[in-house]
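A short write-up of the structure that comes next.
Letters go in sequence order (proteins before strands), and every chain restarts at 1. Any value given below was found using the heavy atoms of this structure, including those in side chains, with hydrogens, waters and symmetry copies removed.
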Amino acid sequence: MLKRIVAVAAVLVVAAGSLGPVTAQGGKVAMLLPGSINDQSWNAAGYGGLQKLKEQGMETAYSENVQAADHIEAMKDYARRGFSPVIGHSGRFLSAAQRVGPEFEKTLFVVGSGSGGQGKNVISLDLANEQFGYLAGALAARMSKTGKIGAVAGLEGLPNMVASMGGFRLGAKSVRPDVEVRIVYLQSMEDPAAAKEAAFSLIGAGADVVGGKLNAGHAGLVQAAKEKGVWTIGRSFGHTQIAPERVLTNINEKWSEVYATAVPELIAGRLHGPYIAFGYDTRGTTGGELRYSPEREFNAGVPPAVVAELEAIKKKLASGALRVKPTKDDARSGA
Amino acid sequence: MSVETALVELLAAAVRIATPLFFAALGGILSERAGVFAVGLEGMMLAGAFGGVLAGHLAGSAAAGLAASVAAGVLLALLVAVATVRFGADQMVTGLAVNILAVGLTSFLLRGFAARGEAATLRVPVLAAWPVPGLAEVPVLGVVLFRQPPLTYAAVVFGVLIAVFLARTRAGLTLRAVGENPAAAFAVGVEPARVRLAAVLACGALAGLGGAVLSLQQVGTFTDAMTNGRGYIALAAIIVGRWLPGGTLLGCLLFGAADALQLRVQSLRLPVSSYVIQMTPYVVALVVLAGLGRSARLPAALGTPFRRE
């Protein structure tokens, strides 16, 4: 009986597919999200972008908690219904987009935080993580008294991690070539207790500024800095609240601005893939920013001279005079 | 940094990493010595971590947080006890189900307690260290052992109590008897179901405290699935320690030391991928299990439901 149901379902799916893709029309945007839109972090940021597109007058639709097994079918479904672009809000949608892309040539598939694309219609949007990492590294090096700084991260070798952590080391060395930069990688981005322990190991070795890039684990890193009285760099205003006196600033990702800026340009054909990264040198949005709180850019403890130096680096990044290109070796673990 | 300071830091880190594991493992010992597999440790820890932060946040007191950690662990343990002891359900499957339930339930409730269904950011002050007067100033040992937060001392106290309970008391003997041969225990007038129920609930309470170590003592917040497999490491430590509190403590400390060392080895810039270095604590656990686990003798009735004939 079950077999028969599966067989019938399969026939229906094939039949639906043979109707062929509906011609893509401008102004119908769909988003697939890996989690729930009210998670106050990654998914909420993506959904915020979709809201902005709706305000611009577009028809929008979304699916939450899309699991890996459903990536391809969910993308096909929206493509058939004439949505374009179909956005997968996470790098893990990339392989599905690359599978579906050739089948629906008139539909744009956009992958948020993806690392590449394929053909004309599969495009990754990303932040220029190396630019924000570079600024954070320069800030950390300038704030260190011991000449030793550290970072805790996860997923060594992933393109966006190489950009972030390699940028951090390059930025630190750029303002202070003798600074010692130690990076420790964890097996989970979501484990605050492990992150705290890793930060302790760096602080124990003399680091008096600890940065890094973790998800839920980042709270543990900030907690370690608070307890040991060293500086740290957060990823959200929530981290400033944990240790207002110890957080120098946060690397604040503005995904809603990225989508609100990029999607209309993509539809109009003014922006081309396969990989578009937003930073200080892009139009419309910088993609991210350093922000201590909604009102301030930095902790009051950051001297004006350092703020001015960072401002100068931003200008160079914006003009293209400075291009940060981290290698895997720049993002290596250890000193 | 001198070799001595480095060693002290390493040992202090090992103690911190081992503490939540040891709490959960102590609970697991009670449950398994009574004949019920403690696969659900991971879920009970997670529930404890969540309950502690939630109550600590709402009531504004650490004591309320600790009480809620225990209660949350016991609640999940009750589920295990009813399913396995009362209805004779498979202990492995029940334990795994509880672990999955805990992940879903805690992240769901975390969102349920905030307006508009957003994930609430609950923060509580972490439990501060209680240096033991005099002893805290002793070189090496003072830093490693006597400048700890309260739950770390509590773990040691519970360890000693449970060791004495199992080896030297009548109730401990009864518990072990139920885990070895429930039919014989029944024949001399013991009700195995009742003993197992009590053991599993005590297991939930201790695992809940293990979760509290993570959320209340170490981080001061709850994040989704923050136990990250520690319940399973605790299970391995029980086997390494042959169901004895002392040996299990050594197992937990060994894992803690390997994990602490792993973080520091990464800093040495060896020509080895960080993934390989991160793997070492788990490899150590596997190797030790393969070596000691073979000769370990399980409580004879572990995993078998008891039914009155």
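- At a heavy-atom cut-off of under 4.5 Å, chain A is reached by B/Tyr275, B/Gln278, B/Tyr282 from residues 275-283 of chain B, listed in order of number.
- The shortest distance between side-chain heavy atoms of B/Val126 and A/Glu227 falls below 4.5 Å.
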>> Please determine whether side chain to side chain contact (heavy atoms under 4.5 Å, CB included) holds for the pair B/Met226 and A/Asp191, giving the CA-CA distance in whole Å, both sets of side-chain angles, and the decisive distance to 0.1 Å.
In response: CA-CA 5 Å; B/Met226 71 186 292; A/Asp191 187 335; 5.8 Å; no

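- Summarising the local packing, NZ of A/Lys173 is surrounded by more than 12 heavy atoms from other residues, nucleotides or ligands at distances under 6.0 Å.
- Judged as a ring pair (Phe, Tyr, Trp, His ring centres under 6.0 Å), and not counting sequence neighbours, the contacts of A/His71 are A/Phe93.
- Listed options A/Ser188, A/Gly220, A/Gly157, A/Gly206 were ranked by heavy-atom pairs under 4.5 angstrom with chain B; first place goes to A/Ser188.
- Distance check, rounded to the nearest 0.5 Å: CD1 of B/Ile17 to CZ of A/Phe200 gives 11.0 Å.
- Neither the backbone nor the side chain of A/Ala195 comes within less than 4.5 Å of any heavy atom in chain B.
- When atom types are taken as modelled, the side chain of A/Lys196 and the backbone of B/Val219 share no donor-acceptor pair closer than 3.5 angstrom.
- Between B/Arg123 and A/Gly238, the shortest heavy-atom distance links the atoms NH2-O, 3.4 Å.
- Annotation: the span from B/Asn228 atom CG to A/Gln187 atom CD amounts to 5.0 Å, rounded to 0.5 Å.
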Donor-acceptor contacts, no H, no angles, side chain residues 210-218 of chain A, under 3.5 Å, sequence neighbours left out:
from     : atom 1 : to       : atom 2 : distance (Å)
A/Lys213 : NZ     : A/Asn129 : OD1    : 3.2
A/Lys213 : NZ     : A/Asn160 : OD1    : 3.3
A/Lys213 : NZ     : A/Ser164 : OG     : 3.1
A/Asn215 : OD1    : A/Arg235 : NH1    : 3.2
A/Asn215 : ND2    : A/Glu190 : OE2    : 3.0
A/His218 : ND1    : A/Leu214 : N      : 3.3
A/His218 : NE2    : A/Ile233 : O      : 3.0

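- For the atom pair B/Leu263 CG and A/Leu186 CG, the distance stands at 6.5 Å (nearest 0.5 Å).
- More than 12 non-hydrogen atoms from other residues, nucleotides or ligands lie less than 6.0 angstrom from CZ of A/Arg176.
- Taken to the nearest 0.5 Å, the CD atom of B/Gln266 stands 7.5 Å off from the CD atom of A/Glu156.
- Below 4.5 Å, heavy atoms of chain B meet no heavy atom from residues 247-260 of chain A.
- Here the shortest heavy-atom pairing between B/Ser267 and A/Arg182 reads CB-NH1, 2.9 Å.
- For B/Ser274, the parts lying under 4.5 angstrom from a heavy atom of chain A are both the backbone and the side chain.
- The minimum heavy-atom distance linking B/Glu9 with A/Gly204 is given by the pair OE1-CA, 3.3 Å.
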